[in-house]
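Below is one structure, written out as structure tokens; comments come after it.
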Amino acid sequence: TATVSRRSGNYEPSVWDFNFIQSLNSTYTGECYAKQASELKQQVDGMLQEGAMEQVDQLELIDNLQNLGIAPHFQDKIKQILESIYQSNYGATHKPKQMKDLHATALEFRLLRQHGFHIPQEIFDCFKNEKGDFKASLGEDTKGLLQLYEASFLLTEGESSLEQAREFTTNLLQENLNNIDDDNLSLLVHRALELPRHCMLLRANVRWFLDAYGRRPDMNPTLFELAKLDFNIYQANVQQELKHISSWWKETGLAEKLPFSRDRVVESYFWTTGIEPLEQGHERLLSTKIIMLETVLDDIFDVYATPEELQLFYDVIQRWDLESIEKLPIYMQIYFVALNNTVNEIAYHILKQQGVVIIPHLRKSWMDLCEAYMKEAVWYNNGVKPSLKEYLENAWISVGVPTFLYQVYFLVTNPIEKEATKYLDEYHDIIRWSSMIARLADDVATAGDELERGDVPKSVQCYMNETSASDEEAREAMRLLIWEAWKKLNKYRISSSCPFPEVFIQNVVNLARVGQSIYQYGDGYGYQHFETKNKDRMMSMLFDPVA
Ligand SMILES: CC1(C)[C@@H]2CC[C@@]1(C)[C@@H](OP(=O)([O-])OP(=O)([O-])[O-])C2
Ligand SMILES: [Mg+2]
Ligand SMILES: [Mg+2]
Ligand SMILES: [Mg+2]
């Protein structure tokens, strides 16, 4: 047969191979550390009890617990405290309190909204002058400006005052960036301007916050000890999970049989580090398998398969026809059986746990993904340049996040609510906007390499084709679209009209944060060798214990 010309993604073998992962070990799996941690938790629990604390001190403590990654241990207390603050400041019997301190007001606004309380943007009006602009004098209060900046990213559509706050604080913080005398504050401002707290994946930043917290003069030693210990115990657990995933991956033989695809165990696992609750390790393993199978499928469609092979493959998958796979090339046969195995494994896990059969749902989520992948492949093979609108309508699905979140719903929701599956099947807006954020972040980071090797025009290129924008201007335009998508996503955080349980909503919002985090420093997924910042963060998050 004539040799078929195939593209290549030039993906290098992983820097963290099977032997490296299997060799990981941490002393923090020991019982003594768990015991030490529970003693420290008791003490921190006591700190949350004290009614004597000023509201702002309670909020600061909650903010620190969250940033240090240990808030999940105190979930109920935190909810109680926020509930009582909400009631006393916004409830039916609230006493109108003219709180003048910007830092405290913005911190309260952000934490309450983040936990689903709808706090009106008007609480910031007292910081504006008669013309309705934020007072210039706020420029001296960098600490307050930073909090207002962070709070402004919880805005929803139409909240122009928060939009105004975001522009006001971004400009002032950028201007003052190099003359903030407090080193810790300066570090926090630099970090926040890179990616606001609301949009970053907490787990990927705990290590950074730990180091920053340890340098603070007002650092609480008990909190710091617990946070460091908890981080190391979390890391020890992560390493066990990585070993399981790495063994499964080796056993599938997909990296060996389909060597053109990305072999990225650690990065795929990173996509699932936003999955909560933390204890659901088995669900995180199953979720990582979904990401790894999506990656191989993406490379089959984007890089390796010929149009003829794709047509055969697409037909088999749309019918999920295991009887007719012989007509596929062997690499597709191997992939499809591996995919079917994982679909059945996930379905079996839910059947055992809840007595519900979800195989048709899971298959549908993969069929939808192949539909979106096929559309891009047809565009590419026919030299079609879609409009930005046409491209994005398909690309929020082809980024693989709806297929992923669809299955995460079943993995984290118990009991599964029957009527919710209807909203899942339609990919409810909350899934759409989270996926859109991941897609836009992915394109800004990966489109350059993809276009070089040959791929469908991505959002950046579609925008350039439609306007006279430069590459950089197009990327900036995509970043603005990300903020627009966040406004839509934020709305569901504080509205009761969302038909999903809180635990799933939290996972959906976290996935958008994963998307922004993994692509924060370029393509943190495909090209490990060049994106050292990403690699360093993975190492400090997953492999290097904190002293
Ligand atoms: C898990 C994923 C989000 C999905 C499969 C691998 C990804 C990291 C991403 O990879 P990419 O090749 O950039 O996707 P696309 O641009 O071809 O859609 C798409
Ligand atoms: Mg791709
Ligand atoms: Mg693709
Ligand atoms: Mg991409």
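Here, residue 1 is the first one in the sequence, and each next residue gets the next number. Note that ligands are numbered from 1 as they come in the structure, with each ligand's atoms numbered from 1 the same way.
In this structure, Arg203 is positioned above the aromatic face of Tyr234, its NZ or CZ under 6.0 Å from the six-membered ring centre and within 45° of the axis.
With hydrogens and angles left out, the side-chain atoms of Asp425 and Tyr406 include a donor and acceptor closer than 3.5 Å. Donor-acceptor pairing under 3.5 Å is lacking for the side chains of Glu472 and Ser470.
Under the 3.5 Å distance criterion, the side-chain polar atoms of Asp299 are left unmatched by any main-chain donor or acceptor of Tyr304. In terms of modelled atom types and a separation under 3.5 Å, the side chain of Asn340 and the main chain of Phe336 share no donor-acceptor contact. With hydrogens and angles ignored, the 3.5 Å screen pairs no side-chain donor or acceptor of Asn205 with any backbone N or O of Trp208. A donor-acceptor pair is defined here as one N or O able to donate and one able to accept, closer than 3.5 Å; such a pair exists between the side chain of Gln235 and the backbone of Ser540.
A search for ring-ring contact (aromatic ring centres under 6.0 Å, His included) contacts involving Phe209 returns nothing, not counting sequence neighbours. By the ring-ring contact (aromatic ring centres under 6.0 Å, His included) test, His282 pairs with His349, sequence neighbours left out.
A distance below 6.0 Å separates the ring centres of Trp16 and Phe543.
For ligand 1 and Glu450, the ligand atoms under 4.0 Å from any heavy atom of the residue are 11 (P), 12 (O), 13 (O), 15 (P), 16 (O), 17 (O). In the vicinity of Trp271, heavy-atom distances shorter than 4.0 Å reach the ligand 1 atoms 3 (C). The distance from ligand 1 to the heavy atoms of Ser398 drops below 4.0 Å at these ligand atoms: 18 (O). Remark: ligand 1 atoms within the under-4.0 Å shell around heavy atoms of Tyr519 are 8 (C), 9 (C). Atoms of ligand 1 lying under 4.0 Å from any heavy atom of Thr446, numbered from 1 in the order shown and given with element: 13 (O). For ligand 1, the atoms sitting less than 4.0 Å from at least one non-hydrogen atom of Lys458 are 15 (P), 16 (O), 17 (O), numbered in the order shown with element in parentheses.
Under a 4.0 angstrom heavy-atom cut-off, Glu376 registers as lying outside contact with ligand 1. The closest approach between any non-hydrogen atom of Phe270 and ligand 1 is not below 4.0 Å.
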Determine all donor-acceptor pairs shorter than 3.5 Å in which one atom belongs to a side chain in residues 412-423; sequence neighbours excluded.
{"unit_1": "Thr413", "atom_1": "OG1", "unit_2": "Tyr409", "atom_2": "O", "d": "2.7"}
{"unit_1": "Thr421", "atom_1": "OG1", "unit_2": "Lys418", "atom_2": "O", "d": "2.4"}

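From the protein, the heavy atom lying nearest to atom 13 (O) of ligand 1 is Asp442 OD2, 2.7 Å. Here the protein heavy atom with the shortest distance to atom 17 (O) of ligand 1 is Asp302 OD2, 2.5 Å.
With a heavy-atom cut-off of 4.0 Å, Arg262 touches ligand 1 through its side chain alone.
Not a single N or O atom of Asp443, backbone or side chain, sits closer than 3.5 Å to an N or O atom of ligand 1. For ligand 1, the polar-atom distance check finds an N/O of Arg439 within less than 3.5 Å of one of the ligand's N/O atoms. Among the atoms of Glu294, none of the N or O lies under 3.5 angstrom from an N or O of ligand 1. Where the criterion is an N or O separation shorter than 3.5 Å, residue side chain and backbone included, Tyr373 fails it with respect to ligand 1.
Among Asp523, Asp449, Asp298, the single residue meeting the salt bridge (charged side-chain N to carboxylate O under 4.0 Å, His left out) criterion with Arg262 is Asp298.
Nearest-residue assignment for atom 2 (C) of ligand 1 (options Val514, Val399, Asp298; heavy-atom criterion): Val399.
Taking the six-membered ring for Trp and thresholds of 30 and 60 degrees, Phe153 and Tyr149 have ring planes more than 60 degrees apart, a perpendicular arrangement.
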The test is side-chain contact (heavy atoms from CB on, under 4.5 Å); show your working for Ser365 and Phe404 and say whether it passes.
CA-CA 8 Å; Ser365 73; Phe404 178 70; over 6 Å; no
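Excluding water, every protein N/O/S atom under 2.8 Å from the Mg ion (ligand 2) is given here by residue and atom: Asp298 OD2, Asp302 OD2.
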